[in-house]
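One structure below.
Because the structure is predicted, anything quoted here is derived from the model rather than measured. Indexing begins at 1, ligand by ligand and atom by atom, following the structure's order.
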Amino acid sequence: MADFEREYAAYVGVEHCVGVGNGTDALELALRALGVGAGAEVILPANTFIATAEAVSAVGATPVLVDVDEEHLLIDPAAVERAITDRTRAIAPVHLFGQSAFVEQLLGFGIPVLEDAAQAQGARRAGRPAGSLGRVAATSFYPGKNLGAAGDAGAVMTDDAGIAERVRVLSAHGSPTKYVHEVVGRNSRLDTVQAVVLRAKLARLEKWNELRRQAAERYATLLADVRGVRVPASAPGNEDVWHLYVVRVADRDRVLAALTEAGVGAGIHYPTPVHLTEAYADLCLPAGTFPVAERAAGEIVSLPMFPHLTGEQQEYVVQRLRAAVNRV
Ligand SMILES: *Cc1c(COP(=O)(O)O)cnc(C)c1O
């Protein structure tokens with residue numbers, strides 16, 4: 001386990017990596033290590049996997065959702081600035097779909113940045129790895145991620161030795177040494193078997209990410225003349241790892257149904273922005289609060305994307321997508 005932690009820290013270019021049980025725990029323990037608790041507010045994007053918000057709720061803090069930018073669906077720094085109050089204790093940008101969020105703009109607000117890097121293993125922004133851009137980062141090695149274990153796993157990355165130590169103690173029953181319990185912690189270990197799997201797969205991650213990039217380029221070429229399909233583009237300065245390849249179409253539900261019917265494994269990430277889920281109804285943020293995230297939720301389709309996707313498979317996907325948007 002220590003070997004994997006050391007290798008992953010080196011890969012991300014940070015001093016410390018602490019393996020934990022899953023990505024949600026990684027986010028939660030990182031928040032606790034930052035001292036975020038009851039009465040605090042944490043700013044995060046409205047269109048993320050719900051775990052980002054759950055981690056904030058789990059530490060007793062309030063998730064403060066904000067809208068995203070129209071082009072990349074990443075947290076909008078201007079919206080973050082407007083949402084800052086004297087209770088804001090952290091900003092949690094999400095590196096959605098394998099992109100890197102505009103972290104450098106968030107750092108200027110002087111509030112600790114916790115990167116949710118679960119979808120961005122190997123991504124870079126201005127040459128620096130996602131996971132090394134903020135004060136602390138959390139990632140998930142759930143099997144479906146770019147670097148996936150054979151079951152649940154996660155990690156916290158940071159240059160801050162104090163944060164790393166607090167995460168380590170909290171994740172091991174509040175115990176820096178056996179049977180000495182300083183704080184009420186929990187059990188969130190990185191399983192040794194998962195660490196072995198992750199070590200073996202980490203050695204292949206750059207290659208797999210390169211194959212995803214090539215697949216993304218092939219999609220862009222194949223889709224260039226398909227009217228009615230908006231393709232994703234990398235933000236300037238970003239080297240994305242295409243965790244998901246998300247296009248936008250009108251009449252999405254019909255298009256998705258046609259793809260599914262044709263045997264294409266397409267999906268929606270995510271159909272419901274956090275504020276419109278039943279779980280977060282108590283935030284009392286009605287439809288219309290975050291227009292960009294809400295409109296996108298009705299237009300997005302994730303096309304099949306994995307390292308060994310073949311050109312032939314992509315041609316079929318695009319052929320069916322073209323037919324669906326043209327209603328042929
Ligand atoms: C997968 C994911 C998580 C949570 O990871 P788990 O290991 O499933 O707990 C958190 N945030 C984002 C953006 C994710 O994609």
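Aromatic ring pairs are classed by plane angle as parallel below 30°, tilted from 30° to 60° and perpendicular above 60°; the pair Phe102 and His72 is perpendicular.
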Give a table of atom pairs where an N or O of ligand 1 lies under 3.5 Å from a protein N or O.
from	atom 1	to	atom 2	distance (Å)
ligand 1	5 (O)	Ser140	OG	3.2
ligand 1	7 (O)	Gly23	N	2.8
ligand 1	7 (O)	Ser140	OG	2.6
ligand 1	9 (O)	Gly23	N	3.4
ligand 1	9 (O)	Thr24	N	2.9
ligand 1	9 (O)	Thr24	OG1	2.5
ligand 1	11 (N)	Asp116	OD1	3.3
ligand 1	11 (N)	Asp116	OD2	2.8
ligand 1	15 (O)	Gln119	NE2	2.9
ligand 1	15 (O)	Lys145	NZ	2.7

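Contact check for Trp208 versus Asn146: no side-chain heavy atoms found under the 4.5 Å cut-off.
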How far apart are the C-alpha atoms of Tyr8 and Phe141, what are their side-chain angles, what is the distance that settles it, and do they pass the ring-ring contact (aromatic ring centres under 6.0 Å, His included) test? CA-CA 12 Å; Tyr8 198 69; Phe141 303 118; 5.3 Å; yes

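Counted within 6.0 Å of CZ on Arg252, heavy atoms from surrounding residues, nucleotides or ligands total more than 12; the atom is thus considered enclosed. By the 6.0 Å contact criterion, OH on Tyr280 is enclosed, its count of non-hydrogen atoms from other residues, nucleotides or ligands being greater than 12.
Formation of a donor-acceptor pair under 3.5 Å by the Glu5 side chain with backbone atoms of Gly19 is found in this model.
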